[in-house]
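Step one of this worksheet: look at the structure below.
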Amino acid sequence: MPLLELHSLVKHYPVRAGWLTRQWARAVDGVDLTVSAGETVGLVGESGCGKTTLARCVLRIVEPTSGEVIFDGDDLLRLDPVLLRARRRELAIVYQNPYTSLSPRLRVRDLVGEPLVTHTKMRGKALTDRVAEDLEAVGLSAAHLGRRARELSGGQAQRVAIARALALRPRLVVLDEPTSSLDVSVQAQILNLLVGLQRSLGLTYLFISHNLDVVQHVADRIAVMYLGQIVELGPVETIFAAPKHPYTLALLASTPVPDPDRRKPAVALEGGVPSSISPPSGCRFHPRCPWAQARCREEAPALRPMGQGHIAACHFAESVSETP
Amino acid sequence: MSATTSGWSPPAGFAEGAESGKLIRALRRDPIALASFAAIVILCLAAVLAPYLTPRAAEGRGDPNPPEKFMPPSTEHTLGTDHLGRDLYARMLFGGRTSLAMGFIVVAVALLIGMPLGAVAGYFGGWIDETVMRVTDVFLAFPPLLLAIAIAAALGPSFTNASIAIALTWWPWYTRLVRAQVVSLRERPFVEAARVMGVGDFTIIARHLLPNALTPVVVQATLDIGSAILTGAALSFLGLGVRPPAADWGQMVSAGRVYFPERWWYATFPGLAIFLATLAFNLLGDSLRETG
Amino acid sequence: MRVGRMRHAARRTSFATRHMPLLELRDLRITFPTLAGLVRAVNGIDLDLERGEIFGLVGETGCGKTVTGLALLGLVPPPGKMTAARLTLGGRDLLTIADWNQIRGRSAAMIFQDPAASLNPTFTIGDQLTRVIRQHARIDGAGARRRAIDLLADVGLPDTERTLRAYPHELSGGMQQRAMISLALASGAELLIADEPTTALDVTIQAQILRLLVALRERHGLTILLITHDLGVVAQTCDRVAVLYAGTTVETAPTAELFRAPRHPYTQGLLSALPRPGSHGKPLAAIDGSVPSGFQIIPGCPFAPRCPFVFEKCENARPLLKEVAARHAAACHLFDGEV
């Protein structure tokens, strides 16, 4: 059963180009995505691909330019403010850096208690007890109640951020690079915690990361984004074993594998990501694509089914392999 | 000890604490701050305990004692007496009450008006911001002392009116300061996080923005208490502030300058008090700013 | 031109230093006095860099890897204090050096995570590059310009003429990092200290920069100290590696050996904590707890509180680096019996 459905979601930002002229940065440019209850969808791509903007549109932190965000049957973009506020309880977000996403002056008790104070009538001892209980669920204890975020280690602070996000028992949690700034040993703790909480609370995750290894560890399905569009989407095993889009292939080939016996001889991609203000014609990836043909310059490829819930947007998806 | 891993770590060294924590750190680190703070505490205590620190409290409050007028400093009258024979030390104790009180009241009133306006303007932006900022522009277009003189003259000379006059010229500075802070904090992830959670706008301002915007405001306010004492003294000096027989350092300098330099003590000692108080607040404020 | 200069340098140093490591560091200690007491950022690190190798310095936040890199150039930020039993670069004693500017940007150069902060925003890449070139060689403006174009081509920047005229902000992050590397090359440095050079970059760009570093080592015999938190980067680029923990070296080995047969429990823990293809659905082997703060004086092994193999001796005696295989050393009491 789909919990979240995005239909033709678009977010264009105005960019001042000169005096009186305006251009549009196409941060998200027509995305369709379905997230089923209880699953984890990984959203990967390089900086500027629109993955974070997409998540912010889902939470209505930014107002999408057009499209629909259907959450459990309601279009969040057209919901009146009172109903939206009620629905907000069911959505939460965990940011990359807990030291900037947690108010620096507040103590853990108030940080984790704030959502409960905002949306419930829980106060006083009941509130403190509940917060302490939630802290234990994320591997902390009541001893941390009086601390401020900066008095905690990075891993502990991120646990507080998770407890805060889960305080209202949301159904969908957006995880925006939740471990990208943590050390490897702590990242493993947090990933284990997130997987465990998902099972015990029946959560649905939209997991944003630039780290493919992390995403494959937690995600059931992966969506690869490039310049505001999804270029490939499918079950995690399929994407890793048999990627169909050249960009996915390049991402996989560029990720440094912690195994010196599997050194990668060549660089998969030359150049950088073009500007989203004037994306390339046809297939947006064609200027960097080793397989590009004349057709790719003119005709934008549509997402085509590749079997078993796997879709890719490439004219030559069937013939893409390790070497061009 | 640097955190290169991926760009962040907790704030380096000693994370900023509450304002009281900052004060304690400044005092521990900087002897000048300690001396300034001690001077402020002594001045305030002297003002509060004035009736108990002199046997001539009645003179301090304004009762004349003509037989002893213009006595130079002596063991009997440590700082001498004024033109009505009142003990200058007692007068200054009571004068400190009005001068210091005016300093604190002016800053408090200015903060009370300026901070909420600045926070609201900075948080909501748009036409609210435009309106508030244009009003502050109008106030800031006048030289503050001139404006204070004009308002005080219009309201008539009294302690309350002088305080109101100065506070009215002061608040726009706090509005601008707080607005700038709030604008820079508004886009921080923790504010966004609170908004996503459905926390109300005014709760966000009160819980998440103002406490984090406070540091430069406290520094500025500390510096300003000194300036407010000085401005209050100036108004009293011009006869627009506290009226005799109540004592005020500025008004004492004004009265004493007629007899300078023959009866030098009359204008000198209140002048020194103004100087000391202003300097102490300025030095403490500077030290707080550097503690950052 | 570049090759000629290298050959000359090699001739000049051949007798004295051919068989000595380029860089020798013994017992580096760095402390920072703070209000709450002394922070021990580095507690006795040893390093030997062979000419022409890429040596990885890997560790987590607070392990002292960045400040170690800075110390090699005398750049420990004040009020930090550094001591060492020995520090030589190309046979030259750096502990008694009066003017670090004879080393910085001459024998050794450093690049950082954020190239934008290291480049001067008010000058073009060409201005900055020709200035460095002319500081190090008697050469006229036109010659310096030609050399600058060569260097930009050498670091793989396309359209060199236009890049010369570009200001740093007009370049992407990857291109800025390439420009930083060209500045290091312009100074003729033998040792390049690269502190997280690709951490701020996207993976496809990271791959390009890493390949460039490997190519420069091959083309110019550059010695590179690569400071990173990313074990994948180490595996893909380094010849040898040292793993740091809480300001000490816990293990050092050739890269292949370290990944194939890690001996120190911390290294083992790090490697098994990595999510990697195939780990989906299984819990990761996380290391409990977190890194100790630099305030504590640790009499025993700094990793003891998190170590699954801890025994009594670990709490009391600091383990020293011991050879556990050829060129492979680990600092752990588990190997006290082995010789």
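Any value given below was found using the heavy atoms of this structure, including those in side chains, with hydrogens, waters and symmetry copies removed. Naming convention: chains lettered A, B, ... in sequence-line order (proteins, then strands); numbering from 1 in each chain.
Within a 6.0 Å radius of CG in B:Leu279, more than 12 heavy atoms belonging to other residues, nucleotides or ligands are found. More than 12 heavy-atom neighbours from other residues, nucleotides or ligands sit within 6.0 angstrom of CH2 on B:Trp171. Crowding of B:Arg28 atom CZ: a count of heavy atoms from other residues, nucleotides or ligands under 6.0 Å not exceeding 12. Remark: B:Phe37 CZ is loosely packed, at most 12 non-hydrogen atoms of other residues, nucleotides or ligands lying under 6.0 Å away.
In terms of heavy-atom pairs under 4.5 Å with chain B, the best-connected choice from A:Leu168, A:Ile93, A:Leu102, A:Leu84 is A:Leu102.
Of residues 178-203 of chain B, those residues with a non-hydrogen atom less than 4.5 Å from any non-hydrogen atom of chain A are, in numerical order, B:Pro189, B:Phe190, B:Glu192, B:Ala193, B:Ala194, B:Arg195, B:Val196, B:Met197, B:Gly198, B:Val199.
For chain B, no part of A:Arg60 is nearby; none of its heavy atoms comes within less than 4.5 Å. A:Ser101 touches chain B through backbone and side chain together, each having a heavy atom under 4.5 Å away.
Rounding to the nearest 0.5 angstrom, the gap separating the OG atom in A:Ser103 from the CG atom in B:Leu209 is 8.0 Å.
The two residues B:Asn212 and A:Arg105 come nearest to each other via the heavy atoms OD1-CG, 3.1 Å.
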